[in-house]
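Numbers restart at 1 for each chain; the letters A, B, ... are given by sequence-line order, proteins then strands.
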Amino acid sequence: MKLSIIMSGVFLINPCLCVFGHQGARVVVSRSFADFTPQASFDIKKCDVHRLEEGPPLKAELTREQGLQYYRIMQTVRRMELKADQLYKQKIIRGFCHLYDGQEACAAGIEAAINPSDHLITAYRAHGYTYTRGVSVKEILAELTGRKGGVAKGKGGSMHMYAPRFYGGNGIVGAQVPLGAGIALACQYQGNDQVCVTLYGDGAANQGQLFESFNMAALWKLPCIFICENNQYGMGTSMERASASTDYYKRGDFVPGIRVDGMDVLCVREATKFAADHCRSGKGPIIMELQTYRYHGHSMSDPGVSYRTREEIQEVRSKSDPISMLKERMLSNNMASIEEFKEIDVAIRKEVEDAAQFATSDPEPPLEELCNHIFHNNPPLEVRGTNPWVTLKSVS
Amino acid sequence: MASSLRCFLRTGKNAVSALQRREFHRTLPVAVQVTVRDALNQAMDEELERDERVFLLGEEVAQYDGAYKVSRGLWKKYGDKRIIDTPITEMGFAGIAVGAAMAGLRPICEFMTFNFSMQAIDQVINSAAKTYYMSAGQQSVPIVFRGPNGASAGVAAQHSQCFAAWYGHCPGLKVVSPWSAEDAKGLLKSAIRDDNPVVFLENELMYGVPFEMSEESQSKDFTIPIGKAKVERQGNHITLVTHSRYVSHCLDAAAVLAKEGIECEVINLRTIRPLDVESIETSVMKTNHLVTVEGGWPQYGVGAEICARIMEGPAFNYLDAPVTRVTGVDIPMPYAKILEDNSVPQIKDVIFSVKKTLNV
């Protein structure tokens with residue numbers, strides 16, 4: 001890829017290329033990757049803190065490799081979600097489909113800050129995290145289309161995708177939060193220095209079971225990072241109409257909190273690093289509020305414009321899009337070229353297209369699978385069918 | 001002799017001296033008397049010792065020794081890490097227990113009574129029971145939810161509900177209902193060793209009842225398989241199918257009926273889900289008559305399910321009379337003793353129902 005840039009980029013007119021060299025003479029530059037800035041330091045927004053002496057740093061280091069990786073991840077999630085939108089409108093995906101476009105910096109930033117050995121659990125807007133936790137676009141789309149090649153063999157659907165150290169994908173609002181605290185308890189119990197990232201939305205932030213979880217996590221100092229992805233709307237209800245207090249980072253009361261710019265992948269990463277260090281040092285849980293935004297409605301059955309204006313959505317797209325922001329930062333600091341980004345885009349488009357192709361052509365799960373996976377490590381059992389003459393078989 | 005000996009033992013009198021009086025020429029028996037409470041305690045103690053991933057959490061389980069003293073001594077022996085007192089937040093701690101199970105531990109989650117499990121029922125059903133299926137086998141949930149279920153004495157409506165039918169309804173769960181001390185110990189050990197969510201329905205009124213425990217059942221590896229019923233008493237004339245406390249009622253009724261020449265076969269279900277229909281069918285095909293006995297409400301209950309299954313299977317053609325259900329009265333549990341006593345099946349109700357079913 002880099003070689004082709006050198007070859008093709010030489011004679012292209014590129015606004016990033018310095019046509020006039022330092023002495024003023026016209027210079028034709030052959031671009032090699034050695035010309036790119038390998039690393040830069042970026043100012044990031046200061047985080048509001050609650051019950052903390054200090055917050056995450058105000059500067060973030062970004063290497064070229066990291067930048068391209070974050071870009072790749074966010075762009076993949078973006079294109080995957082847009083493809084899901086398309087497939088849903090073609091009625092190839094059915095049921096619930098809650099899309100993540102707009103919020104990519106959250107998933108990418110969090111994953112960049114934690115280890116693969118750490119744990120993560122989220123609610124139903126989960127496709128982005130399913131990807132960052134290691135499931136391929138192919139397996140995600142095939143799960144959405146309900147095929148046997150899906151990550152849950154077609155049996156889970158949009159809200160129930162799993163991977164090692166990724167506990168879904170949970171359909172009941174707020175129920176994932178005690179689960180996450182329990183996973184953190186297991187980390188503490190096993191003494192493995194791991195943390196659990198437990199995500200929920202502004203809508204779930206008022207659930208009683210969250211406060212039960214905060215209480216126990218604080219009491220027992222569980223290594224749990226509670227993260228509120230505040231995209232300002234719980235389904236069709238704005239946060240002001242649902243919450244007596246919209247300072248979600250303070251809602252943990254005795255649990256320290258930070259409020260983070262969720263549209264800036266670097267801000268998310270630094271804050272998550274800070275939070276993970278806090279937990280790993282045995283200080284107990286911490287809450288992060290990520291201020292973010294979703295472009296789509298709550299789900300595919302919600303156009304998303306009855307409770308907010310198109311102007312608002314457009315404004316976020318043009319001023320705060322996480323992918324554009326990262327790209328502009330890298331370009332203006334000479335960390336990559338436009339061609340590189342274009343090549344990445346092309347490659348991602350192909351990956352998503354191939355995945356969609358698979359997701360639409362892979363067969364549905366065979367009926368023999370219907371009753372399997374009721375119990376683990378169990379001898380086969382019989383399951384009653386729809387009528388007394390139908391007895392189906394279930395294996396583990 | 002066995003059943004009357006059991007009746008005798010349940011009165012709490014000294015079994016050893018009783019046996020010595022009856023058969024003085026034999027050596028001292030190796031069987032020992034153990035209450036259901038102690039049997040549960042032993043089961044948990046042994047499993048905690050055997051597998052360090054096992055831990056117990058719930059209200060008052062640690063420093064208070066258990067609201068009903070079932071976990072007595074465990075905190076002292078195993079400490080804060082493995083015996084955890086929780087705040088009064090069922091939904092939260094049940095969810096925490098499920099999450100811990102997902103991440104590799106083997107929690108025992110105690111509900112002080114199963115009435116309080118309703119606050120947490122979403123975690124039991126949606127997070128625990130369904131996950132293995134939804135994940136197509138990727139994510140298992142090896143957890144036990146245990147605690148007293150059903151009627152107690154004078155605790156009124158909100159504290160007396162039987163949840164056998166509620167949990168028995170759901171795929172992905174195993175639901176167990178022990179009667180005797182041996183049941184309690186063997187089934188709880190199996191439940192803890194099971195890699196799936198098990199709802200373990202105890203009964204507060206049975207906690208203090210002593211039972212003879214065989215030598216075999218005193219072994220640390222003694223388990224009773226989940227999903228298999230036990231014939232507690234053989235008989236030819238009628239089958240009584242029951243679970244938990246009402247096994248005692250049925251055995252007592254059987255003893256009375258035996259004097260009138262009616263021999264009842266009493267089946268202790270031991271497991272509500274999966275239901276051991278075959279054992280019931282085998283018995284019905286022998287006796288031709290069936291009475292189910294439970295403490296829960298009649299509508300959509302355990303007895304209703306047994307009736308439906310018998311109708312759908314080979315035993316139907318062997319029935320000489322419709323199946324009779326003996327159940328709790330279809331009302332919230334009242335407080336006054338006379339009302340409460342008349343809200344749950346009594347021995348006389350079982351006797352009456354047997355005679356009606358046999359048309360004698």
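Between M216(A) and P87(B) there is a side-chain heavy-atom pair separated by less than 4.5 Å. M91(B) is not listed as a side-chain neighbour of P178(A), based on a closest heavy-atom distance of 4.5 Å or more. When side chains are defined from C-beta on, R384(A) counts as touching E312(B), because their heavy atoms get closer than 4.5 Å. L105(B) is listed as a side-chain neighbour of Q190(A), based on a closest heavy-atom distance under 4.5 Å.
Proximity of a side-chain donor or acceptor of Q138(B) to a complementary backbone N or O of V151(A) within less than 3.5 Å is detected.
Residue N170(A): no heavy atom, backbone or side chain, is found under 4.5 Å from chain B. Contact annotation for I172(A): only side-chain heavy atoms (C-beta onward) come within less than 4.5 Å of a heavy atom of chain B. Only the side chain of W220(A) comes within contact range of chain B, with heavy atoms under 4.5 Å apart. For K174(B), the parts lying under 4.5 angstrom from a heavy atom of chain A are both the backbone and the side chain. Proximity to chain A (any heavy atom under 4.5 Å) is shown, for D195(B), by both the backbone and the side chain. Contacts between N387(A) and chain B at a heavy-atom distance below 4.5 Å are absent for every atom of the residue. Contact annotation for I84(B): only side-chain heavy atoms (C-beta onward) come within less than 4.5 Å of a heavy atom of chain A. For A163(A), the part lying near chain B is the backbone, with the side chain staying farther off; criterion is any non-hydrogen pair under 4.5 Å. L219(A) touches chain B through its side chain: at least one heavy atom from C-beta onward sits under 4.5 Å away, while N, CA, C and O do not.
When Q119(B), K81(B), Q139(B) are compared by the number of non-hydrogen pairs under 4.5 Å with chain A, K81(B) comes out ahead. Options S140(B), P274(B), S135(B) differ in how many heavy-atom pairs under 4.5 Å they form with chain A, and the most are formed by S135(B). Per-residue heavy-atom pair counts under 4.5 Å with chain A were compared for D122(B), N126(B), T86(B), and the maximum is reached by D122(B). If you tally non-hydrogen atom pairs under 4.5 Å between each of N215(A), I121(A), L370(A), V177(A) and chain B, the highest count goes to L370(A). Residue with the most contacts toward chain B among A217(A), P164(A), A175(A): A175(A) (heavy-atom pairs, distance under 4.5 Å).
No more than 12 heavy atoms of other residues, nucleotides or ligands sit less than 6.0 Å from atom NZ of K76(B). Other residues, nucleotides and ligands contribute more than 12 heavy atoms inside 6.0 Å of the CZ atom of F211(A). Counting non-hydrogen atoms of neighbouring residues, nucleotides and ligands closer than 6.0 angstrom, the CZ atom of F96(A) reaches no more than 12 such neighbours. Summarising the local packing, CZ of R280(A) is surrounded by more than 12 heavy atoms from other residues, nucleotides or ligands at distances under 6.0 Å. Counting non-hydrogen atoms of neighbouring residues, nucleotides and ligands closer than 6.0 angstrom, the NZ atom of K189(B) exceeds 12 such neighbours. The environment of F316(B) atom CZ is sparse: at most 12 non-hydrogen atoms of other residues, nucleotides or ligands sit within 6.0 angstrom.
The CE atom of M102(B) sits 5.0 Å away from the CG atom of L179(A) when rounded to the nearest 0.5 Å. Between L185(A) atom CG and I96(B) atom CD1 the span is 7.0 Å, to the nearest 0.5 Å. We find the CG-CG distance between N196(B) and N377(A) to be 8.0 Å, quoted to the nearest 0.5 Å.
Contact between G92(B) and E212(A) at its shortest, heavy atoms only, is N-OE1, 2.5 Å. In plain terms, the two heavy atoms of G172(B) and I374(A) that are nearest each other are N-CG2, 3.8 Å.
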request  = Begin from the C-alpha positions of H376(A) and Y132(B) and carry the test ring pair (Phe, Tyr, Trp, His ring centres under 6.0 Å) through to its verdict.
outcome  = CA-CA 7 Å; H376(A) 184 51; Y132(B) 194 66; 5.1 Å; yes

inquiry  = Run M134(B) and H373(A) through side chain to side chain contact (heavy atoms under 4.5 Å, CB included) and show every step you take.
reply    = CA-CA 8 Å; M134(B) 291 192 295; H373(A) 311 119; over 6 Å; no

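The stretch residues 93-121 of chain B participates, sequence neighbours left out, in these ring-ring contact (aromatic ring centres under 6.0 Å, His included) pairs: F111(B)-F114(B), F111(B)-F145(B), F114(B)-Y167(B), F116(B)-H159(B).
For the side-chain hydrogen bond (donor to acceptor under 3.5 Å, both in side chains) test with Y189(A), the passing option among R82(B), R53(B), E52(B) is R82(B); the others fail.
With sequence neighbours left out, Y162(A) forms a ring-ring contact (aromatic ring centres under 6.0 Å, His included) with no residue at all.
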